[in-house]
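Some notes on the structure that comes next.
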Amino acid sequence: MKKTVSLSFFWRTLFLGFALLLNVTLGYRLFFSEQSFFAWQGVQRHFSNMQQQLLDIQQKLTFLSEEIRLLQSNNDYIERAVRERLNYVRENEILYVFEKKQLVNSIWTETEEDLQNE
């Protein structure tokens, strides 16, 4: 009868060791592997960013499609686009092109309104 108890203890210990090893392996995979919970969260963030980029690209595509349609069918739009983008002028017109100024915080660039607010 003593061998049966010993054999039962051996199988219980072996089963407990296997269960412990299985739990450690699953815990490692849950938190630290490439298929972990944290990796899944990273994939979800990346997916959200990609969806936002897709929406932005679709909006740009819609805008460009509309512009192509206008350029193919609307002469007034073509003229306006050429005049704005390429600085074309009609005969007897003068074109003034101004550079964009950078705002500089200086006492020399303050207006009277700025001085009154102080």
Side-chain angles (χ1 to χ4, degrees):
M1 183 143 185
K2 197 171 187 180
K3 286 187 177 184
T4 308
V5 173
S6 166
L7 192 59
S8 174
F9 177 74
F10 171 75
W11 285 111
R12 285 183 192 168
T13 306
L14 184 64
F15 179 73
L16 182 62
F18 177 72
L20 184 63
L21 180 65
L22 184 64
N23 281 334
V24 168
T25 304
L26 291 176
Y28 172 78
R29 289 187 56 143
L30 180 64
F31 293 109
F32 301 112
S33 74
E34 292 179 5
Q35 302 163 345
S36 70
F37 176 72
F38 300 116
W40 177 76
Q41 285 181 331
V43 169
Q44 288 295 323
R45 281 192 302 273
H46 184 67
F47 180 72
S48 299
N49 292 338
M50 295 300 284
Q51 279 187 322
Q52 184 60 44
Q53 287 179 1
L54 178 63
L55 288 175
D56 294 343
I57 290 171
Q58 286 175 339
Q59 288 175 350
K60 186 175 182 179
L61 178 65
T62 303
F63 172 76
L64 291 174
S65 296
E66 178 66 20
E67 187 172 21
I68 288 170
R69 187 187 65 73
L70 287 171
L71 287 170
Q72 289 175 342
S73 62
N74 190 338
N75 289 334
D76 293 333
Y77 185 80
I78 294 171
E79 181 183 349
R80 192 178 85 216
V82 168
R83 290 170 64 84
E84 287 177 3
R85 295 178 190 170
L86 302 176
N87 295 328
Y88 275 38
V89 293
R90 290 188 181 138
E91 197 172 317
N92 296 328
E93 283 185 341
I94 298 173
L95 177 66
Y96 293 100
V97 178
F98 298 100
E99 294 181 21
K100 293 182 179 178
K101 293 184 179 180
Q102 292 180 343
L103 295 177
V104 178
N105 292 331
S106 169
I107 59 170
W108 306 110
T109 59
E110 291 180 340
T111 62
E112 289 182 27
E113 183 182 36
D114 293 334
L115 294 174
Q116 290 174 358
N117 290 336
E118 290 181 356

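Just so it is clear, the model here is predicted, and its values are computed rather than measured.
Of the N and O atoms on the side chains of Gln53 and Asn49, not one donor lies less than 3.5 Å from an acceptor on the other residue.
The one candidate from Gln52, Gln58, Lys60 that meets the side-chain hydrogen bond (donor to acceptor under 3.5 Å, both in side chains) condition with Asp56 is Gln52.
With sequence neighbours excluded, the residues forming a side chain to side chain donor-acceptor pair (under 3.5 Å) with Arg90 are Glu79, listed by chain and number. Among residues two or more places apart in sequence or in another chain, the side chain to side chain donor-acceptor pair (under 3.5 Å) test is passed with Gln72 by none. Listed by chain and residue number, Arg83 satisfy the side chain to side chain donor-acceptor pair (under 3.5 Å) test with Glu93 (two or more places apart in sequence, or in another chain). Tyr77 meets the side chain to side chain donor-acceptor pair (under 3.5 Å) test with Glu67; sequence neighbours excluded.
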Would Gln51 and Phe47 count as a side-chain contact (heavy atoms from CB on, under 4.5 Å) here? Give the steps. CA-CA 6 Å; Gln51 279 187 322; Phe47 180 72; 3.3 Å; yes
Stepwise side-chain contact (heavy atoms from CB on, under 4.5 Å) test for Gln41 and Phe38: CA-CA 5 Å; Gln41 285 181 331; Phe38 300 116; 3.8 Å; yes
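Here the CG-CG distance, from Leu61 to Leu54, works out to 10.0 Å after rounding to the nearest 0.5 Å. Rounded to the nearest 0.5 angstrom, Arg29 CZ and Thr25 OG1 are separated by 9.0 Å. One distance of note links CZ of Arg80 with CZ of Arg85; it measures 9.0 Å at 0.5 Å rounding. If you take CD1 on Ile68 and CZ on Phe63, they are separated by 10.5 Å, rounding to the nearest 0.5 Å.
Hydrophobic cluster membership for Leu22: Leu26 (Ile, Leu, Val, Met, Phe, Trp, Tyr linked by side-chain heavy atoms under 4.5 Å, directly or transitively). Leu20 forms part of no hydrophobic cluster, judged by ILVMFWY side-chain heavy-atom separations under 4.5 Å.
The minimum heavy-atom distance linking Leu71 with Ile78 is given by the pair O-CD1, 2.9 Å. Heavy atoms only, all atoms of each residue included: Ser33 and Ala39 are closest at O-CB, 4.3 Å.
Phe18 and Tyr28 fall into different hydrophobic clusters, where Ile, Leu, Val, Met, Phe, Trp and Tyr are joined by side-chain heavy atoms under 4.5 Å apart, directly or via other members. A continuous path of hydrophobic side-chain contacts links Trp40 to Phe31 [ILVMFWY only; heavy atoms under 4.5 Å].
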